[in-house]
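Remarks on the structure that follows.
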Amino acid sequence: MIDEMAFPMPRPLQPRSAWRRSISDAMDRAAPAALQAVRASLWNLASLALALSVWQLVCLTVSPDFPTPLASFRVCVQLLGTAFTKIDGTPGIGFQVLASLRRIAIGFALSAAVAIPAGVLIGVSPTCRKLLDPIVQVLRPVSPLVWFPLALVAFKSMGGVSSSTLFTIFITSLWPTLINTAVGVKSLPGDYRIVAQVFRFSRGRYLRKILLPHSLPYILTGLRLSMGNAWLVIVAAEMLSGDVGIGFFAWDSYNAGGYERMIAAVAAIGGVGLALDRGFNALHRHFDYRGADQ
Amino acid sequence: MIDEMAFPMPRPLQPRSAWRRSISDAMDRAAPAALQAVRASLWNLASLALALSVWQLVCLTVSPDFPTPLASFRVCVQLLGTAFTKIDGTPGIGFQVLASLRRIAIGFALSAAVAIPAGVLIGVSPTCRKLLDPIVQVLRPVSPLVWFPLALVAFKSMGGVSSSTLFTIFITSLWPTLINTAVGVKSLPGDYRIVAQVFRFSRGRYLRKILLPHSLPYILTGLRLSMGNAWLVIVAAEMLSGDVGIGFFAWDSYNAGGYERMIAAVAAIGGVGLALDRGFNALHRHFDYRGADQ
Amino acid sequence: SAEPKAGAKSTAAPPPTDQPIKLGFIPLTDCASVVMAHELGLYKKHGVNVVVEKQTSWPVVRDKLASGELHGAHCLFGMPFAAATKVSELRGDPLRIAMVLSNNGQATTLSTKTFGGKVGYGDYAAFRTAVDAARKTKEPTFAMTFPGGTHDIWLHLTLAAAGIDPKSVKIKPIPPPQMVANMEAGNMDGYNVGEPWGGVAAKKGVGFTFVATQSIWKHHPEKALVVGSRFAEQRRDDLKKVMLAIFEASKWLDDMGNRAQAAKVIGGQQYVYAPADVIDARLAGNYDLGGGLGTKTFTDDTMLFHRGGETNFPRYAHGIWFMTQYARFGRLPALPADAEQIARTVILQDLYKEVAKEAGVTVPDDDMKPFLVQADKGEFDPMNPSAALTRYAANFREAGGAA
Amino acid sequence: MTAVIEPSTLSEPYERESDSVRSEPYLHIDGVRKDFRMGRESVVAVRDVTLEVRRGEFVAFIGHSGCGKSTVLNMVAGVYPPTAGGITVAGQPVTGPGPDRAMVFQSYSLLPWMNVEENVFQAVDAVFDGQMTQRDKRARTERFLKMVNLWEHRQKRPSEISGGMRQRVAIARAFAVKPDVLLLDEPFGALDALTKGGLHDELLRLWRDNGRRQTILMVTHDIDEAIYLADRVMVMTDGPAATIREVIDIPLERPRDKRSLMHDDRYLEIKEHLLFLLQGDVAVPVSAH
Amino acid sequence: MTAVIEPSTLSEPYERESDSVRSEPYLHIDGVRKDFRMGRESVVAVRDVTLEVRRGEFVAFIGHSGCGKSTVLNMVAGVYPPTAGGITVAGQPVTGPGPDRAMVFQSYSLLPWMNVEENVFQAVDAVFDGQMTQRDKRARTERFLKMVNLWEHRQKRPSEISGGMRQRVAIARAFAVKPDVLLLDEPFGALDALTKGGLHDELLRLWRDNGRRQTILMVTHDIDEAIYLADRVMVMTDGPAATIREVIDIPLERPRDKRSLMHDDRYLEIKEHLLFLLQGDVAVPVSAH
Ligand SMILES: Nc1ncnc2c1ncn2[C@@H]1O[C@H](COP(=O)(O)OP(=O)(O)OP(=O)(O)O)[C@@H](O)[C@H]1O
Ligand SMILES: Nc1ncnc2c1ncn2[C@@H]1O[C@H](COP(=O)(O)OP(=O)(O)OP(=O)(O)O)[C@@H](O)[C@H]1O
Ligand SMILES: [Mg+2]
Ligand SMILES: [Mg+2]
C-alpha cells in the first residue's frame, strides 16, 4: 500500500484516539484473511488490466513500433517456460534472476552491516554527524555507472569484477539505511534516556532495549529503500560487468533488439522488486510500535 | 543535516514542548548568521580532510593504481580553469554541468507536474490507490538503463533521443514525489476536513488552504528525493544517449581511462547534487509547519 | 521478405533539406574517414552541412538510425544484415549501406592473465589447448561489440578456426571502450574489437593481440557508411555529397604520410579520446602485440580506407557471406532463403556506382564472384552459400572441434 | 447580517439571559442511535439519546472516555447522520455540517500553516462569501480577535502560541461566523487546570458579549467545569451502547464566581451528585472497555 | 533487600504515616539555580529554590506552565546538575540519576515496544541486577502489577491500553524498584478529569501499601489534586527566573475523602488561597511569556 511505502509519519496527538485506532486495527486483522486476499488480488487484476490497456493504447497511437502487450506476453510465457533450463549455453531467466538476487543479497548484507552501525554513530554523536554528513551528501548522488569503473580500478588487485559489482551495489544501497538509522537514533525522546538512567540500564541493555527497538522501524524503512536502490542499480552493474543476471539479460536483449525480452526483464525486475518491497513492508509493520508511541 | 534528510518524523506528543521548541528554534535563527556560517564551513573542511586522508590511505594500501587525491585535485583545478571554454570542440566541464542541469530541470518539472496531481488523486481516493499502487510498485524498481531504450522505441516519432533522455529522467524521478504526495494527502487529520465542512469551504478553498498546505512538506520531501533520483540517473541517461552533459563527460573520461577526470566529474555531480539537496531542504524547512501540528 | 516493417508507416515528416546531416561514430580508429572528412572541411567543400556525433554503443546507433535521430553513421558492416534478419531486431526505418568505410584493423585480444605465455600470434592449436585448460577453473568468456556485427563474427571465426565450438564458451556484448577495463578486471579472457582498444590493452599489458582480423580475412569489409532508408530516398543528393567527401577523406587517409596527423586528430577528446601514439602505430601497421610476443608489421593489409576503390565498394557477396555466418554460428536457425534479395535491398550499389563515377573511382567487378577467407580454407561462393556451410562443418571437424 | 451586538461591559444587565433561557425548545435530539462498523460487525456506540435544548441554553455532556459524547456532538454537527432517530435545529432537520453549528475541538481545530488572523479570516471569508465586502470580513476578524485579546498575536502561527491561546482563537473563530449553535468537544481538554480556569471566564464573556444568542453544547470530563459553565449537565452511561443516564439542572444564577461557588451548598450538592453518578465507574478503569 | 511489606487492607491503622511525617528532614534542596543556554545567551529558568522535605512526605509543586517545575524535579532526579546550589538525599549529594529516585512523566515513561510486564521487569531486572534471582524479579514484577490490577493486561503493549492504565503501569514500575524518593512530573496531566480521580486513590493506596516509605515530589497544575494528595504544596512564581512563591501546609488528616473534603472549611480555605495565589496570572494567558 502506498501509505506503507514512505517513512514514519507524524501521528495525531490524542493518545486516546491512537489507542482506539489500534483496537480497530486489531479488528481488521481479525477479519478472515482469505476474503481479504481475494479482494486484494481482484484489485491487482484490475490495475493490471488498466496498465495493459494504457500500454495497448500507446502502441496503437503514438508509437506503432513499440512491442504490444500481447507480443510481450507471449515472449514472457515462453521465457517462463524455459526459466530454469539452459538453452545453448545461456541460462534461463529464472537462473538470471537468481544470480542477480544472490549478488544483491551479498552487496545488500554488506551495506547493512556498515550502514547500521555508522548510522547509530552519526545519530548518537553530533561530532560524527557534522564530520560525516557532508561526505554522505556528496557521495550519495554519485551514479552506480561511475562507481563501477572506479571500483574496477580500486579492486583490481582483489577479485576484480565480481567485487566491483558487489561494491557498486554496496555503495548505492548504503545511504538510505545509514540516513534512516541516524534519523531514528536521533529521534529518540530524551525521556527514554532518562528512564534508562533512572533505572541504571547498562550500556548493553540501553542499546538492546531502548535505542535499537526505537530505531528499528526507521532502520527497516532504510533497509527497504536500500533494497530498492540495490535492485535499481543491478542493471547498470551487470551491463558494465557482463555478469550473468537479469540486468545483463536486459542489456543483452537490448543488444539483440529483443524489446519483448527486455519488457519481460522489466516485468521480472519489477515483480521481484515488488516482492522484496512487500516483504520488507511486512517486517516493518510487524516491528512498528509507532501507532503506540505516546 | 542528516536529520533534515529523511521524511517527516513523528513528534513528541506534548503541545507545549512543541511550542517551546519552536521558540528555541527562533532563538537559533536569531543567532548571528555569519558566525554560524563560519562554524559550518569549518566542519565541512574537517570532513573534507577526513575524506581525503581515507582516500589517500586507500591509494597507499589496497589499490595503488587508484588516482591519488593530489593528482585528481590537479585535474579538477585545470578543468575548473577551463570550465567555460571550448577546448578543440569539447565544451568545458561548466558547460557540461549546465547542459545536464537544463535537461534535469525539464524532466524534473514534467515529473512534478504529473506526480503531484496523481499523488493527490491516489491520496484522496482509495479506489485510485488500489488501482495505481501495484503499477507504481512494479515500475518503480525499473532501471533508467532499461527505460531509455524503451523510450527510444516509443518516442521515435517525436524527437527521438532527446525526448527519451527526458523521459528517462522524468520516469525515474516520478515515484518519490508521487508516493510522498499521496502519503501527505492521506495523512490529513479528519478534523481538518470537518473544519472545512463546518465553515463551508469551497472545493477550491479546501484544496488551496487545507489539502495542499498540509501536504506541502511531504510534497517537498518527495520533490527533493525526486531531484536526487534525477541527478542519479543523469549519468545513465547521458551515457546511453551520448548527449552532452556531465554524465556523458564522466562516461567519456572513463572510456578514455581518465580516472582523475572521472573523479572530477564525480565531485561535480556530488557537489551540484548536494547544492540541489540543500536548496530543497531550505524550502522544506521553510514550509514545514509540523513543529506546529497540534 | 525479412525486411522490417515500420519504415513505411513511420509518422515523421520528411526532414527539411537545410537541416544539418547528423553522422554518428563510435570511438574507434576506423571512424577516421567520417571524422577527417569533417576535420578537413570536405563536407563543406561538397556543400553539405554535416555534424559528427560521438555515440556510446552500437545498439544505440542502431536505434538512432532507425528513429532518424542520426541520418547516417560509421557502423558495423554486419549491422544492417543483423537488423534485416532480426539477429538484432530493429524497430523503425530499415538500414541501408551506402559504402564501405574500411578494411582490416580489428583484432582478437587475449587476456595475459589467462593466456599469457601460452599462446603465440595466430597459434590456433595452442589457443585451443589453453582454452580447454582454462575450462577447468572457469567458463572461458569472450566479448564482442554487437550480436551479428563484424566483431561478433570475427570472434566466432577465430574460435572456429581453433576448433573451439563457440557455443562451448561464454560470448557477451560489451560496449567497445569497456573492453580493456573489463579484461583488466578479469571479467573476460578475450575480446574482438576494433583498434585502438587492441593496442591499448597490449600497451597496458592487460592483454595481447592474438590475431588481427586481416590475418583471418585479408581486406575484409569492416565499417560501412550506414544510413536510414528514408534519408537515402528523401535526401539522395545530400547523401551523394557526403559520400564524395568521404571518398576524398579515404584517399587522404590511405596516403600513409597523413596518418600521423590523422592519429593526432582522432585521438582528441571529442573523438576516440585515446593515446595518439597507440592509434598511430596500429594505423601505420606497426603492431606491438604485447604479452611478450614482440611486434608484427602489416604492410599492405593494415587498416585501409580506400585501396583505389577496392575498399569502398559494397558487395552483395559480403552481405550474403555475413548472413551465412549467422546461420553457421547459430545466430539464425538457417540461412534465409532470400539472403541475396536482402543483400540487394540493404546495399545501395546503384547509388554507390553513381557516386564512384562522379568521384572518378573505379568500381571493381568482382561482386558475386567466389572469394577467399583465409580462416576458412577454400573459397566462398555467394551463389551457393549452403555449400560453404557444409564445408565449414568439415573444416571444424578437421580442426579437431567436436561438431 | 453584519449587525452584531457590540461587546458590552461587565456591568451589563442579565435579563437577556433569563428570557433566552425561558425561550421555546430550539434544538431537538430525539431517539438518536449511532452504530459504527468495525471490521465486519457493527457496534452500537450510542442509543436512545433524546434531549431538548432551548435557545441560548448551555448544556454540558459528561461521561467516561469512549462513551459516545463526541459521537452525539458530531451528529448534531452533521459530520455523520444518526443510524436511527433525528436531530432538528430551529425546526430544520440536520443534514450536514454548516456554519450555523460551529465546532471547536480539543485539538486540530486551527490550521497550523496559517497565522492566527488567517485562521479566523478564512472561516469568515468562506461563511460570509458574497454577503460581505472583504473590508467588512477583515473588520469582523479583527473585532473577534480583539474580543479574545489576541489581536496583537495575529501574525503568529498556532505553533508559536500556547495551547490556551490556540483554543481562544478557535473559540473566537467559532463565534465570528455567527453560529446559532456552538459545539465544543473538550475544548479545554488539552490544557492544564490553571490555563483552563482563565478560559472558562473568557468563553462566558464572549458568549455574553454576543448577546448569549448561541446555544452551546460542550463535551467535558471535568465536573467543576461542567457545573461552572452549564445550565444543564447531561451525564452519559458508559459505552458501548451508551445513553443518557441523567440530566441535571444547574440552578445557579449567572454571573457565577468560582470562589463563592465553593461555599454554595447547591454547588456542593450537585458536585457530590455528579461525583456519585460517575465515581462508580472510576474504580473500573476507563480502559476496561 | 527483597523484603517488602505485603499489601495491607484499607483498614490498616495510620500511625505509621504520622511518625513518618514527624521524622527528620531527609531531602534538602538549598539555594538551587538553573540556567539554560538558549542559542547564544543563557536564560535563568529557576533560582533560589530552597526546600526541606521530610522522609515519607508528599510535596506537590504547582505553578504555571514553563515556570520551572520540571526543571527542579529533573535536578532532584539528577538528570542535570544545578547551576548553583546543591541537593542532598539522605545526606548524600545528588550526582546523577538512580533508582533511589524513581521518576514518572506525563508521557514517554513506558517503552512502547515492550508489553506491560516487560516494561516493569526490565526496570526491576536492571535495578536489582545481581541482587535477586530472575525468579524473584519476575515475582516482584507480578506483585506490583497486581497491586495496580493490571496483571491480566501484562501482555498488552502500551498502545493497546488507555492513558490511565499506562500511568498506573509507570507508577507500579516506579514503586517496584523500591525507591526512597518518587518524582512525579504531571503524572496525570494527560488524563481526563474522571480517570484522574481514580488514579489519585490508586497512588495513595500503593504508597500506603508500601509503608508510605517513599518521599514523593509531584508536579501538577491541578489545585484540587495538589490539596487532595499532598502534605505540603509549593507554589512557584512565573518564569523566567522563577522561584518559590509560598509553601502551604495541608493539615488535612489521611485518609482523605473527596466528598467530605468539599465541606471541609480548611480545604476550601486552602483552595481559595491557592486560587488567589495563581489566579492573578490566569488573566494573563500562560503563553504571555
Ligand atoms: N469513526 C469511528 N469509527 C468507529 N468507531 C468509532 C468512531 N468514532 C467513535 N467510535 C467509537 O464509538 C465510541 C464512542 O466514541 P466517542 O469518541 O464518541 O467517545 P467520547 O465520549 O468522545 O470519548 P472521549 O471522551 O475519549 O472523546 C468509542 O467506542 C469509539 O471506539
Ligand atoms: N533542556 C532545556 N533547554 C533549554 N531550556 C529549557 C530546557 N528545559 C526547560 N527549559 C526552559 O526552562 C523553563 C522551565 O521549563 P520547565 O519544563 O521546568 O517548566 P514547567 O514548569 O515544567 O512547565 P510545564 O508545566 O509546561 O511542564 C521554560 O522556559 C523552558 O523553556
Ligand atoms: Mg470525544
Ligand atoms: Mg514540566
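Within every chain, numbering begins at 1; the chains are lettered A, B, ... in the order of the sequence lines, protein sequences first and strands thereafter. As the structure is a computational prediction, the values presented were derived from the model and not from experiment.
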Q | With A/Trp175 via ring pair (Phe, Tyr, Trp, His ring centres under 6.0 Å) - residues at least two apart | A | none
Q | Reported CG-to-CG distance for the pair E/Leu111 and A/Asp191, which is rounded to 0.5 angstrom | A | 11.0 Å
Q: With a 4.5 angstrom heavy-atom cut-off, could you sort out which part of E/Val177 is near chain A: side chain, backbone, both or neither?
A: side chain
Q) What's the shortest heavy-atom distance between A/Arg200 and E/Gly98, and which atoms? A) NH2-CA, 3.6 Å
Q) Considering all heavy atoms of both residues, which atom of A/Phe199 and which atom of E/Val127 are nearest to each other, and what is their separation? A) O-CG2, 3.7 Å
Q | Proximity breakdown for A/Leu216 and chain E, heavy-atom pairs closer than 4.5 Å | A | neither
Q) What are the two closest heavy atoms between A/Val195 and E/Phe105, and how far apart are they? A) CG2-CE1, 3.8 Å
Q.
Is there a side-chain contact between E/Trp113 and A/Pro217 in this structure, where contact means two heavy atoms from C-beta onward sitting under 4.5 Å apart?
A. no
**Q.** Those residues of residues 117-126 of chain E, ordered by number, that approach chain A below 4.5 Å (heavy atom to heavy atom)
**A.** E/Glu118, E/Gln122, E/Ala123, E/Asp125, E/Ala126
Q: Examine whether an atom of A/Arg205 lies under 4.5 Å from a heavy atom of chain E, and if so say whether it belongs to the side chain, the backbone or both; otherwise answer neither.
A: side chain
Q) What are the two closest heavy atoms between E/Arg101 and A/Val198, and how far apart are they? A) O-CG1, 3.7 Å
